[in-house]
There are 2 protein chains.
Amino acid sequence: MGDDTSLNPRHNKAEVFARLRDAHAREVTEDYVEMIGDLIAEEGEARSVALAERFGVTAATVNNTIKRLERDGYVTSRPYRSIFLTEKGETLAKKCRERHRIVYNFLVSIGVDPAVAEFDAEGIEHHVSEETLRVFDSRLK
Amino acid sequence: MGDDTSLNPRHNKAEVFARLRDAHAREVTEDYVEMIGDLIAEEGEARSVALAERFGVTAATVNNTIKRLERDGYVTSRPYRSIFLTEKGETLAKKCRERHRIVYNFLVSIGVDPAVAEFDAEGIEHHVSEETLRVFDSRLK
DNA sequence: ATAGCAATTTAGCCTTGACTAACTTTAAAA
DNA sequence: TTTTAAAGTTAGTCAAGGCTAAATTGCTAT
Ligand SMILES: [Mn+2]
Ligand SMILES: [Mn+2]
Ligand SMILES: [Mn+2]
Ligand SMILES: [Mn+2]
């Protein structure tokens, strides 16, 4: 009962923002593994040049990011060759793709224009908790 | 008809991500002006120490951010004194507070636990377009 | 009036994620 | 088989947004 967390009206706003910063730290990783998975599915392989074109960034930026993803165990790559997802990367990609799909479908289902939903879902997906995602999904049926 | 934008299955994903990066560039600013407004309303003034506590960051970080906000015309401040919103800052704060309120209320209205909604709304608010916000709001009545 | 504490600022560091320019490698065309 | 264009890499730069440690200022209690 001496617990300040839920009773104090000056509630722990700091926790909310810490979680927000956490989500931001994961966003690029999530979008990359999802996109790499998409490319492998659609084109048979994920090349830097395709990632650069789809994200609208330079090849140098893609290169930096891929190195970080490799360091963190999400992808493997060899110089001048295409990029592969590790088990860990594959798992994350699958989760993100499903989450993305649910958020997008939910927005469309409540009446958001598909083109607008495409924009908004790309950002919203990273800030939707498991619980909120379940609520979105349950509204889809 | 030669318009690639809406017909081409290799649609302009790049636009979506460009907008996402734009939204990210504005997030911290939006949360700060909103919080500064809250503090002025609740406590009569916005001090660095209160911002640091609420955001869960150090005083040095707050200082840096306030300087950026000042440079960009959202706040005014004098050394060792409290922080004030400019007209521009006030306008943005008001818009963000209202948007935040709508997103939060919408999440709660569809069955998300209020505590969870508080977390998720803090991130989602920055990625909700005017149009999606109107849809959320219209569902609230 | 001043000592000491709390608040603020400054300096210096780090990572992420972007860029340009220049270089290297690969692969396709000639 | 050689040339050349596309793809990928490297090097160097920058801003945002974090941090710690140390210096400074302002306020409060003695
Ligand atoms: Mn996505
Ligand atoms: Mn995304
Ligand atoms: Mn907010
Ligand atoms: Mn926010």
Side-chain angles (χ1 to χ4, degrees), chain A residues 13-36 39 43-84 122-123 126, chain B residues 13-36 39 43-84 122-123 126:
Chain A
K13 266 287 172 193
E15 256 183 62
V16 172
F17 288 101
R19 192 187 285 203
L20 180 61
R21 286 189 294 271
D22 249 44
H24 283 154
R26 273 182 267 103
E27 292 198 17
V28 169
T29 295
E30 293 179 343
D31 286 335
Y32 265 70
V33 295
E34 190 185 344
M35 190 71 88
I36 291 165
L39 284 168
E43 309 185 355
E45 65 175 348
R47 310 286 316 200
S48 276
V49 67
L51 288 169
E53 193 244 326
R54 294 215 182 178
F55 285 125
V57 297
T58 63
T61 295
V62 169
N63 213 259
N64 285 339
T65 305
I66 293 302
K67 274 193 251 165
R68 195 169 57 252
L69 294 190
E70 193 158 22
R71 183 200 66 189
D72 295 342
Y74 294 104
V75 305
T76 58
S77 74
R78 292 191 325 290
Y80 298 96
R81 291 274 127 63
S82 64
I83 299 144
F84 301 89
E122 196 59 73
H126 308 282
Chain B
K13 266 288 173 194
E15 254 183 65
V16 172
F17 289 102
R19 194 190 283 204
L20 181 61
R21 287 190 294 271
D22 249 43
H24 283 154
R26 272 183 265 106
E27 292 200 16
V28 171
T29 295
E30 293 179 343
D31 285 335
Y32 266 70
V33 295
E34 189 185 345
M35 189 70 89
I36 290 165
L39 284 168
E43 309 185 354
E45 63 174 352
R47 309 286 317 200
S48 276
V49 68
L51 288 168
E53 194 243 325
R54 295 215 183 177
F55 285 124
V57 298
T58 63
T61 295
V62 169
N63 213 258
N64 284 340
T65 305
I66 293 302
K67 272 194 253 166
R68 197 169 54 254
L69 294 190
E70 193 159 21
R71 182 200 65 189
D72 295 342
Y74 295 104
V75 305
T76 58
S77 74
R78 292 192 323 290
Y80 298 97
R81 292 273 125 66
S82 63
I83 297 144
F84 300 88
E122 196 59 72
H126 308 281

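By convention in this document, chain letters (A, B, ...) are assigned in the order of the sequence lines, proteins followed by strands, and residues within each chain are numbered from 1.
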Those residues at least two apart in sequence (or on a different chain) that pass ring pair (Phe, Tyr, Trp, His ring centres under 6.0 Å) with B:Y74 are none
Here the gap from A:T61 atom OG1 to A:F55 atom CZ, rounded to the nearest 0.5 Å, amounts to 11.5 Å
Rounded to whole angstroms, how far apart are CD1 on B:I66 and P on D:dA16?
14 Å
Can you give me the closest heavy-atom contact between B:V28 and B:R68, atom names plus distance?
CG1-NH2, 3.9 Å
State which residue, out of B:R21, B:K13, B:R19, fulfils the salt bridge (charged side-chain N to carboxylate O under 4.0 Å, His left out) condition with A:E122.
B:K13
Sub-4.5 Å side-chain heavy-atom contact between B:L20 and A:D31:
yes
Return the set of residues passing side-chain contact (heavy atoms from CB on, under 4.5 Å) with B:A50 (not counting sequence neighbours), or none when no residue passes.
B:L39, B:E43
Atom NE2 of B:H24 to atom P of D:dG18: distance rounded to whole Å?
12 Å
Between D:dA16 atom P and A:E27 atom CD, what is the distance in whole Å?
18 Å
Below the 4.0 Å mark, does C:dC19 have OP1 or OP2 next to a side-chain nitrogen or oxygen of A:T61?
yes
Readout for nucleotides 1-16 of chain C: B = base within 4.0 Å of protein heavy atom, S = sugar-phosphate only, - = neither; 5' to 3' it is ------SBBBB----S
